[in-house]
Q: 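I am attaching a structure below and will ask some questions about it afterwards.
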Protein chains: 2
Amino acid sequence: MTRGPRAGTKRVTLVDVAAAAGVDKAIVSRVVNRDPTLLIRPETRTRVEAAIVDLGYRPNLSARSLRTAKTGILGLVIPDFSNPVYAQIIAGAEAAALSSGNVLVTGSAGGAVSPAAYLDLLGNGRVDGLLIAGGAPSTQEQRILDGLDIPWLLVNRRDRKSRRYVILDDAKSAHMAVEHLVELGHTEIAHIAGPKTTDTAQRRLTGFTEAMEEHGLRTPASRIVVGEYTMDGGAEAAAKLMSSRRRPTAIYVANVAAAVGVLHQLAALDLSVPGDVSVVTTHDTELASHVMPALTTVRMPLRELGARAVRSLLDTPPDAQVELLLADDFTLVRRESTAPLA
Amino acid sequence: MTRGPRAGTKRVTLVDVAAAAGVDKAIVSRVVNRDPTLLIRPETRTRVEAAIVDLGYRPNLSARSLRTAKTGILGLVIPDFSNPVYAQIIAGAEAAALSSGNVLVTGSAGGAVSPAAYLDLLGNGRVDGLLIAGGAPSTQEQRILDGLDIPWLLVNRRDRKSRRYVILDDAKSAHMAVEHLVELGHTEIAHIAGPKTTDTAQRRLTGFTEAMEEHGLRTPASRIVVGEYTMDGGAEAAAKLMSSRRRPTAIYVANVAAAVGVLHQLAALDLSVPGDVSVVTTHDTELASHVMPALTTVRMPLRELGARAVRSLLDTPPDAQVELLLADDFTLVRRESTAPLA
DNA sequence: CTGTTAGCGCGTTCAG
DNA sequence: CTGAACGCGCTAACAG
């Protein structure tokens, strides 16, 4: 007689299944967990499996976690869901977690408290491991990280102290941007960099100056302007750049949102893109292809970054060093914002 | 002697603390959980608390969950992290969860498997309640929902069957858009609607036709075009709209990405926005203010939607009906894409 | 004011 | 091939 999952009022446990199948609960447990060392008569196994679906048995995950000291959950803490860059990192991380038999959950504290506080909430017991993406290092965060007794890893942010991180080769993305501009004949190239506190911004800046030097190009200090990672920040920086006596003919902007601001500012100054100024940026987000003119960008493997982070977290001993720099599969996406020097 | 959290190799438990403080573990438990009915000598309490920090005791969440049948975690399943609309819903939900003493985690299955599968992974034991945002209803999902023994709620999607949802008054947003265009003197107003399978798109369409009727305006069938919620979808729909013999002077687009596509298409047709055609859309995402011309939009309280969803999930009995329609705090954000009829 | 007791549901020996 | 027994760490009731 099939009673269906909803028949009983109380929750079905191993014991119930065992009783229904006429075996001990230990057998049921080993059937459920596919214990390869279990030698069982096929008919018994069938009877157990029938009882499981019949009663609608679902393992109690808390009990299992208590017993095994594993939750099957991996956590990812990000500063902000509205940044499209994280969307791709999450996608890659979720996929990798899934294929390793885990589930990945993401949190950010909704701006209410700092992401660091979320670390605290997820840490110790709720998840088996923690990924921390981006954000600025803080002593509060460091303290929590130190107290964590589960493995963790920094994603898209370097940390000289802990030496546990997976990052992209941001310097290379700057290199590729400069390369592209040089190929188009530009020599008067400026850079709008991100805030000094942002690790990725610093690496892009380094890459920019290196690339310029490689091509024997000089970069006067006035050609490097720091701007916030926002539209207004980009606009402001562009205004400053264009007020100098020798205007650049091309700009590498460290951030897409800022690049959009640059576009607006140049339009306001009656400068044509790419006619008067070429603009290239890092990160190929949706925004880049939606603006007019559509932005030429360097696309980095963000999904792969998320996936590698999960795999490293899983494969590496908690105290071991992980310093991974992803430099493959970078693509220059040519769109309308760059053109040969007239 | 202060041994510090890292002294012992094994994990510190209640018993360890009890031994150190010279009391029973039950006392420690009640101190940790701030049991108000606990009558305890201040000095004893101090001794217990000292032992807790001294040994670096952290409760084992799995054991607590097993005992209390609560995890303190709320889950949110979304179809896709790259949609900025969800970023705001998440922010509101996280904040509300936090202030209720829970932590909210979000998952989407990274496109690898269906979000419905994620429901399965989070359901039953890992979280105390589940929010399901957007997405298209599927029989697979329905089956999982039916089997869930934790409370759940649909967010930003209606469900006539289950009657457990919190949504925004999308029809009102359409109303406001039409209202705005009518005030500007427009009468030849078209609508680019979303896919028929999308619940929000349907409600916006209804709102649009209602609003038009209220103003005694006729809407020939050719003035309503269905387009995907993408840039290309919008562009295609705009092309169709503009190829008709009597062109509209204003368009209400159901979706921001589509609206950006409309902008591109109109530019390609050498039509000026807002000179020749006014464009207004729903959802005030970052994209809306970044394009040129910046889009006039109807801003809906997405954060509030997320927050209300969490509160409803927490406050409502699992089998009770929840049909919440948020209609307050809608704002028309005037930008550059709409203008009075010449 | 504090200690004792009894499971929560599960996985893992170890006997048989 | 299968069952009995133990304990993971915690909370809730009740006894003192």
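Chain letters run A, B, ... following the sequence lines, proteins first, then strands; residues in each count from 1. As the structure is a computational prediction, the values presented were derived from the model and not from experiment.
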Q: Please list all pairs passing the ring pair (Phe, Tyr, Trp, His ring centres under 6.0 Å) test where one or both residues lie in residues 59-85 of chain B, with sequence neighbours left out.
A: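 Those involving residues 59-85 of chain B are Phe81(A)-Phe81(B).
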Q: Tabulate below the donor-acceptor pairs under 3.5 Å that side-chain atoms of residues 40-53 of chain B make, not counting sequence neighbours, or state none.
A:
residue, atom, partner, partner atom, Å
Thr46(B), OG1, Pro42(B), O, 2.7
Arg47(B), NE, Ala21(B), O, 2.9
Arg47(B), NH2, Ala21(B), O, 3.1

Q: Please list all pairs passing the side chain to side chain donor-acceptor pair (under 3.5 Å) test where one or both residues lie in residues 68-86 of chain A, with sequence neighbours left out.
A: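 Matches after skipping sequence neighbours: Thr71(A)-Asp128(A), Asp80(A)-Ser82(A).
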Q: Whole angstroms only, please: what is the CG-P distance between Leu61(B) and dT11(D)?
A: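 Atom-to-atom, Leu61(B) to dT11(D), this comes out as 10 Å.
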Q: For Asn60(B) and dC10(C), what is the distance between atoms CG and P respectively, to the nearest whole Å?
A: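 In whole Å, dC10(C) P and Asn60(B) CG are 17 Å from each other.
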Q: Among pairs that include at least one residue of residues 12-53 of chain B, which meet ring pair (Phe, Tyr, Trp, His ring centres under 6.0 Å), considering only residues two or more places apart or in two chains?
A: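 Non-adjacent pairs meeting ring pair (Phe, Tyr, Trp, His ring centres under 6.0 Å): zero.
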Q: Return a table of donor-acceptor pairs under 3.5 angstrom between the side chains of residues 313-320 of chain A and protein atoms on other chains or two or more places apart.
A:
residue, atom, partner, partner atom, Å
Thr316(A), OG1, Ser312(A), O, 2.5

Q: Between Thr44(B) and dT2(C), is there a side-chain N or O to OP1/OP2 distance below 4.0 Å?
A: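 Thr44(B) to dT2(C) OP1/OP2: side-chain N or O found under 4.0 Å.
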Q: Within this structure, what is the CZ-to-P distance between Arg58(B) and dG9(D), rounded to whole angstrom?
A: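 For the pair Arg58(B) CZ and dG9(D) P, the rounded distance is 16 Å.
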Q: Does anything in residues 20-33 of chain A come within less than 4.0 Å of DNA chain C? Heavy atoms only, and list the residues if so.
A: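 Residues of residues 20-33 of chain A under 4.0 Å from DNA chain C: Lys25(A), Ala26(A), Ser29(A), Asn33(A).
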Q: Under the rule for salt bridge (charged side-chain N to carboxylate O under 4.0 Å, His left out), what residues qualify as partners of Glu304(B), not counting sequence neighbours?
A: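 With neighbours one apart ignored, the set is Arg308(B), Arg311(B).
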Q: Just call it for Leu14(A): base, sugar-phosphate, or nothing, with non-hydrogen atoms closer than 4.0 Å on any strand.
A: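 Sugar-phosphate, no base atom in range.
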Q: Nearest whole Å is fine: how far is dT11(D) C1' from Arg34(B) CZ?
A: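 My rounded result for the distance is 16 Å.
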Q: Take the C1' atoms of the five end pairs on each side of the helix from dC1(C)-dG16(D) to dG16(C)-dC1(D), derive the two axes, and give their angle rounded to 10 degrees.
A: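 About 40°, once rounded to a multiple of 10°.
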Q: Measure from CG on Asp16(A) to C1' on dG9(C) and round the result to the nearest Å.
A: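 Checked: the CG to C1' distance equals 11 Å.
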Q: Can you see if the side chain of Arg45(B) gets near the phosphate of dC1(C) - specifically, an N or O under 4.0 Å from OP1 or OP2?
A: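 No, Arg45(B) has no side-chain N/O under 4.0 Å of OP1/OP2 on dC1(C).
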Q: Taking atom types as they are modelled, is there a donor-acceptor pair under 3.5 Å from the base of dG7(C) to the side chain of Arg67(B)?
A: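 For Arg67(B), whose side chain was compared with the base of dG7(C), there is a donor-acceptor pair (under 3.5 Å).
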Q: For Ala63(A) and for Ile40(B), find the nucleotide of DNA chain C with the closest heavy atom, then tell me which residue's nucleotide is more 5'.
A: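 Closer to the 5' end of DNA chain C: Ile40(B).
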Q: Under the ring pair (Phe, Tyr, Trp, His ring centres under 6.0 Å) rule, what pairs show up with a residue in residues 21-50 of chain B, not counting sequence neighbours?
A: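 Every candidate ring pair (Phe, Tyr, Trp, His ring centres under 6.0 Å) pair involving residues 21-50 of chain B fails, so no pair, neighbours aside, qualifies.
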